[in-house]
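Below, read A as the first sequence line, B as the second, and so on, with proteins coming before strands; counting in each chain starts at 1.
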Number of protein chains: 2
Amino acid sequence: MTSTLGFALLGLLARQPRSGYDIAAQLERGVGPFWHARHSQIYPELARLQVDALVDFEVVEQHDRPAKKVYSITDAGRVALADWVVSPPGQAAIRSELTLRAYSIWLADPRRAAAMLREQERIHREQLAHYEGDRQRLERSPGLADPRTPEFATYATLRRGIGYESELAEWCAWLAAELEPAAEQIEP
Amino acid sequence: MTSTLGFALLGLLARQPRSGYDIAAQLERGVGPFWHARHSQIYPELARLQVDALVDFEVVEQHDRPAKKVYSITDAGRVALADWVVSPPGQAAIRSELTLRAYSIWLADPRRAAAMLREQERIHREQLAHYEGDRQRLERSPGLADPRTPEFATYATLRRGIGYESELAEWCAWLAAELEPAAEQIEP
DNA sequence: TCTCACATGTAACTAGTTACATGATTGC
DNA sequence: GCAATCATGTAACTAGTTACATGTGAGA
């Protein structure tokens, strides 16, 4: 009965052992980057995974910093993760506040709406540029040809990030462009 | 201090008055379709909106069916909604379980992973076909040229749905195609 | 009588966010 | 002494899901 968050943590630990703190640092930015969590959710979840014997940890003393618990995935954890990956997903709940706003955009001031969308377009193009940089770097890696490497899996999620952000940026641009003529009409 | 769900409800009521039951029917499918909710969340939220005077209701008796509360948006509600639409969105939390799975796909059986992805591709192409049908119908409507009509706003969310689903379906197809040669290698 | 669609609610739970709390060690 | 980073946790709250609960009226 592992939660999606649990599988997100297992997915990180399958690549390398880490502390809760390290996981939190990754997950506050996002994995893949299609999942995220705060440390307050991560620490209890790690404890649960350990009870279920899907992860294990050892306390690592450090000379220059406080001691930490370094978690590793167990064989049972790897099996559970590999199984979850191919299990039929229940239909995903899409939630996009931006698109929800668009549903009521007909009520709004077109100038302000267009400005908000242009800003969103900028943000998503920026994220896209960041991903494109990652992609350039990753495409030089040798593991990419083999879908049984973590590099390949990282590349797959990155492609999704690029597709997602570029579609979103294009939509923002399209919608802003639709609103801009109406905005001029009010205040010429 | 209205929640996102509250604005989703206001967005529906801004178009026409409805009962909680009607809203639930729409929101269990999804608005726009980028937001959804169950009736157990809708009824209390409508009550809150009414306390805040953003909506109002009247009990409508019916001869053939049980009586219902028909909610309408108030002027204050319309102002709050129009204001929210253009307010700067805090960065959206993307959560995609499918993409999270891809992050650990290197551990999975490529045959089963490819099959799962082909099935997802099929589901998203089906949804896409449905949206394309809606688009054909909507594009005949006259309101589309004016961004101050609800038809335009519906069209905008539909475009987003089409972009989203087609990007997702393409990505599923790409990833499945990458996995299929590896799948053949195991069991020739 | 029984099932189905309409109609409205509450209770119990899971997931996720924000805030609170503590302590080690380093560098200023 | 104080702020910053590393490190781990808990508490209180909000959002969302699943399950429970009740009642009307139509049609088989």
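Regarding B/I23, its CD1 atom lies at a distance of 13 Å from the C1' atom of C/dT8, rounded to whole Å. Atom C1' of nucleotide D/dT17 and atom CD1 of B/I42 are separated by 12 Å, given to the nearest angstrom. Taking atom CD1 of A/I94 as the reference point, atom P of D/dG16 lies 15 Å away to the nearest angstrom. Counting to the nearest Å, the P atom of D/dG16 and the CG atom of B/L9 are 11 Å from each other. Look at CD on B/E97: it is 13 Å from P on D/dT17, rounded to the nearest Å. If you measure from atom CG of A/D22 to atom C1' of D/dT8, you get 12 Å, rounded to the nearest angstrom. Rounded to an integer number of Å, the gap from B/E45 CD to C/dG9 P is 14 Å. Remark: P of D/dG16 and CG of B/L27 are 11 Å apart, rounded to the nearest angstrom.
Applying the 4.0 Å criterion to OP1 and OP2 of C/dG16, one finds that B/R95 has a side-chain N or O inside that range. In terms of phosphate contacts, B/Y21 brings no side-chain nitrogen or oxygen within less than 4.0 Å of OP1 or OP2 of C/dT8. Proximity of A/K68 to the phosphate of C/dA24: no side-chain N or O atom is located under 4.0 Å from OP1 or OP2.
Note that the CD atom of A/E170 and the CD atom of A/E165 stand 12.5 Å from one another [nearest 0.5 Å]. Separation of atoms CG (A/L27) and CD1 (A/I42) is listed at 5.0 Å; rounding is to 0.5 Å. The OG1 atom of B/T157 lies 10.0 Å from the CZ atom of B/F152; values are rounded to the nearest 0.5 Å.
With contacts defined as side-chain heavy-atom distances shorter than 4.5 Å, the pair A/L46/A/I23 qualifies. Here the side chains of A/T99 and A/I94 are not in contact, with every heavy-atom distance at 4.5 Å or above.
Nearest approach of B/P147 to A/L179, heavy atoms of both residues: CB-CD2, 3.5 Å. Taking every heavy atom of both residues into account, B/Y43 and B/Y21 meet most closely at OH-N, 3.5 Å. Taking each heavy atom of B/A108 and A/A82 in turn, the nearest pair found is CB-O, 4.0 Å. The two residues A/L138 and A/L144 come nearest to each other via the heavy atoms O-CD1, 3.5 Å.
Within the helix from C/dT1-D/dA28 to C/dC28-D/dG1, the inter-axis angle between the opening and closing five-pair segments is 0°, rounded to 10°.
Between B/G20 and A/S3, the residue anchored closer to the 5' end of DNA chain C is B/G20, taking for each the nucleotide with the nearest heavy atom. Closest-nucleotide positions on DNA chain C for B/A93 and B/V70 were compared, and the one nearer the 5' end corresponds to B/V70.
The side chain of B/L5 has D/dG16 as its nearest neighbour among D/dG16, D/dT8, C/dA7. Closest to the side chain of B/Y71, out of D/dA15, D/dA7, C/dG9, is C/dG9.
In this structure, B/R160 is not positioned above the aromatic face of A/Y103 in the sense of NZ or CZ being under 6.0 Å from the six-membered ring centre and within 45° of the axis.
A heavy atom closer than 4.0 Å to some atom of DNA chain C occurs in no member of residues 47-59 of chain B.
A perpendicular orientation is assigned to the rings of B/W174 and A/Y155, their planes being inclined by more than 60° (bins at 30° and 60°).
A donor atom on one side chain and an acceptor atom on the other are found under 3.5 Å apart for B/T154 and B/R15.
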How does protein contact run along nucleotides 18-28 of chain D, one letter per nucleotide 5' to 3', with B for base contact, S for sugar-phosphate only, - for none, heavy atoms under 4.0 Å?
BB---BBSS--
